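Some notes on the structure that comes next.
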Amino acid sequence: MTQAPNPAPRERISAAIRAAAAKGRPALVGYLTAGFPTRRQFKDHLAAVAEVCDVVEIGVPFSDPMADGATVQRASFAALADGVTLPWILEELKSLTARHRAPILLMSYLNPLLSFGLNALPRDAAAAGVAGFIVPDLPFEESDDLKRALDAQGLALVQMVTPVTPPERLAMLCRDAQGFVYAVTMTGTTGMHKSATDVPREVLEYMDRVKDCSNVPVCAGFGIRSPAQVARFAGHVDGVVIGSALVEVLERGEDVRAFLRSFREAA
């Protein structure tokens, strides 16, 4: 009897999100900046986030994080000062005694990936248990080299869309999406929000448009800071990304699991 081939790592991302959505709740994608607040806490914090979340997004610190708001910028600069690098992150992930249930994505600007080398990056990332990448400063039109390299190891290159993405471009990005479509809730940087509960009707309608043209799950991100917002997104997206609010919980040394469970219970 022929054994079915193992699914590509990127398929684990979509499967984890769909499994949560099948239970009637949006999947939780938890973001933490690698090595923040300190390098020695990284594995413990990763374990806490992975225990509750369906997917984990690990930020690779960078000196010019243009898409990130004040919270993630602060975390990135602190991690860089503490010696956190992409090679260090991959070595930490490789050294885990057991792989986490939740698929892991790396969110990185392009320069650290190019510095690592596109030949070595996919192999080393796959060996570390990474299932894909989010690269916010890489335009779709310039992504062929990285996408081709990641394809060789079955890793996802997650596409990002925004409320001002034109319909034709939205369809193109959704058609080429892997893992999930990262639907940014607003124009601007991460962590921005009008209130802890506000999700305008036009944002939900935009999410519906993204879902209509996507063959992979859709996750909303940027500015999601409360369980009430997650409840508002239910039915309009397959998952939500908890970023700046989670980084602030880590920074304050609060109970990460309890914080994330409050989002899950709301959904």
Side-chain angles (χ1 to χ4, degrees), residues 26-93 95-96 100 102 104-109 112 130 133-134 136-137 182 184-186 188-198 219-230 239-267:
L28 292 184
V29 181
Y31 171 92
L32 70 161
T33 299
F36 179 80
T38 66
R39 293 201 305 173
R40 64 178 175 78
Q41 296 172 293
F42 174 56
K43 288 182 181 178
D44 288 342
H45 286 161
L46 173 59
V49 175
E51 181 180 318
V52 183
C53 289
D54 303 284
V55 177
V56 179
E57 179 186 350
I58 299 173
V60 178
F62 184 56
S63 57
D64 186 22
M66 65 184 73
D68 295 309
T71 295
V72 177
Q73 285 190 20
R74 184 170 65 251
S76 189
F77 296 151
L80 287 172
D82 203 18
V84 176
T85 63
L86 177 56
W88 179 86
I89 295 167
L90 293 179
E91 286 302 319
E92 288 290 288
L93 293 176
S95 70
L96 292 173
H100 294 296
I104 291 175
L105 288 154
L106 294 186
M107 195 290 283
S108 176
Y109 291 89
V130 173
F133 287 81
I134 302 169
D137 63 338
Y182 194 130
V184 177
T185 63
M186 65 192 80
T189 59
T190 60
M192 294 173 60
H193 62 287
K194 295 179 181 178
S195 76
T197 59
D198 184 43
C219 294
F222 284 37
I224 299 175
R225 307 183 66 88
S226 74
Q229 288 175 311
V230 175
V240 293
V241 182
I242 313 299
S244 295
L246 176 53
V247 172
E248 290 166 8
V249 168
L250 292 166
E251 186 175 26
R252 294 191 297 263
E254 297 174 359
D255 188 332
V256 173
R257 292 174 177 86
F259 172 78
L260 290 170
R261 286 186 185 120
S262 71
F263 285 82
R264 173 163 284 185
E265 290 161 3

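Keep in mind that what you see is a predicted model, and the values were worked out from it rather than measured. Just so you know, residue 1 is the first one in the sequence shown, and it goes up from there. What's counted below: heavy atoms across the whole structure, side chains too, no hydrogens, waters or symmetry copies.
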With a 4.5 Å cut-off on side-chain heavy atoms, are [Y] and [X] touching?
| X | Y | result |
| --- | --- | --- |
| Ser108 | Phe62 | no |
| Glu57 | Tyr182 | yes |
| Leu106 | Leu86 | yes |
| Val60 | Val84 | no |
| Leu80 | Ser63 | yes |

- Item | From CZ (Arg39) to OG1 (Thr85), nearest 0.5 Å | 8.0 Å
- Message: With rounding to the nearest 0.5 angstrom, report the CZ to CG distance, Phe36 to Leu250.
- Response: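 Between Phe36 CZ and Leu250 CG, I get 8.0 Å after rounding to 0.5 Å.
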Please name the pair of heavy atoms, one in [X] and one in [Y], separated by the smallest distance, quoted to 0.1 Å.
| X | Y | answer |
| --- | --- | --- |
| Phe263 | Pro227 | CE2-N, 3.7 Å |
| Asp54 | Ala27 | OD2-CA, 3.3 Å |
| Thr33 | Ala75 | OG1-CB, 3.6 Å |
| Pro61 | Ile89 | CD-CD1, 4.1 Å |
| Ser95 | Glu92 | OG-O, 2.8 Å |
| His45 | Pro37 | CE1-CD, 3.5 Å |

- Among Ile134, Val247, Ile58, Ile242, whose side-chain contact (heavy atoms from CB on, under 4.5 Å) with Tyr31 holds? Val247
- Under the ring pair (Phe, Tyr, Trp, His ring centres under 6.0 Å) rule, collect the residues that match up with Phe133, sequence neighbours excluded.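 Residues passing ring pair (Phe, Tyr, Trp, His ring centres under 6.0 Å) with Phe133: none at all.
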- Task: Let me see the working for Leu32 and Val256 under side chain to side chain contact (heavy atoms under 4.5 Å, CB included), right down to the final yes or no.
- Result: CA-CA 11 Å; Leu32 70 161; Val256 173; over 6 Å; no
- Indicate the ring-plane relationship of Trp88 and Phe42, choosing parallel, tilted or perpendicular according to the 30° and 60° boundaries.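 Ring orientation, 0 to 90° scale: tilted.
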- List the steps and the verdict of salt bridge (Lys or Arg N to Asp or Glu O under 4.0 Å) for Arg74 and Glu248. CA-CA 10 Å; Arg74 184 170 65 251; Glu248 290 166 8; 5.2 Å; no
Residues two or more places apart in sequence or in another chain: which of them pass side chain to side chain contact (heavy atoms under 4.5 Å, CB included) with [X]?
| X | result |
| --- | --- |
| Cys53 | Leu28, Val49, Leu260 |
| Asp255 | Arg257, Ala258 |
| Ala50 | Val56, His100, Ala102 |
| Arg40 | Thr38 |

- Item | Pairs where residues 78-88 contributes a residue and the test salt bridge (charged side-chain N to carboxylate O under 4.0 Å, His left out) is met, not counting sequence neighbours | none
- Message: Quick one: does any side-chain atom of Thr185 pair with a main-chain N or O of Phe222 as donor and acceptor, under 3.5 Å?
- Response: yes
- Task: Output yes when a side-chain donor or acceptor of Gln229 lies under 3.5 Å from a complementary backbone atom of Arg225, and no otherwise.
- Result: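 Yes; at least one donor-acceptor contact below 3.5 Å.
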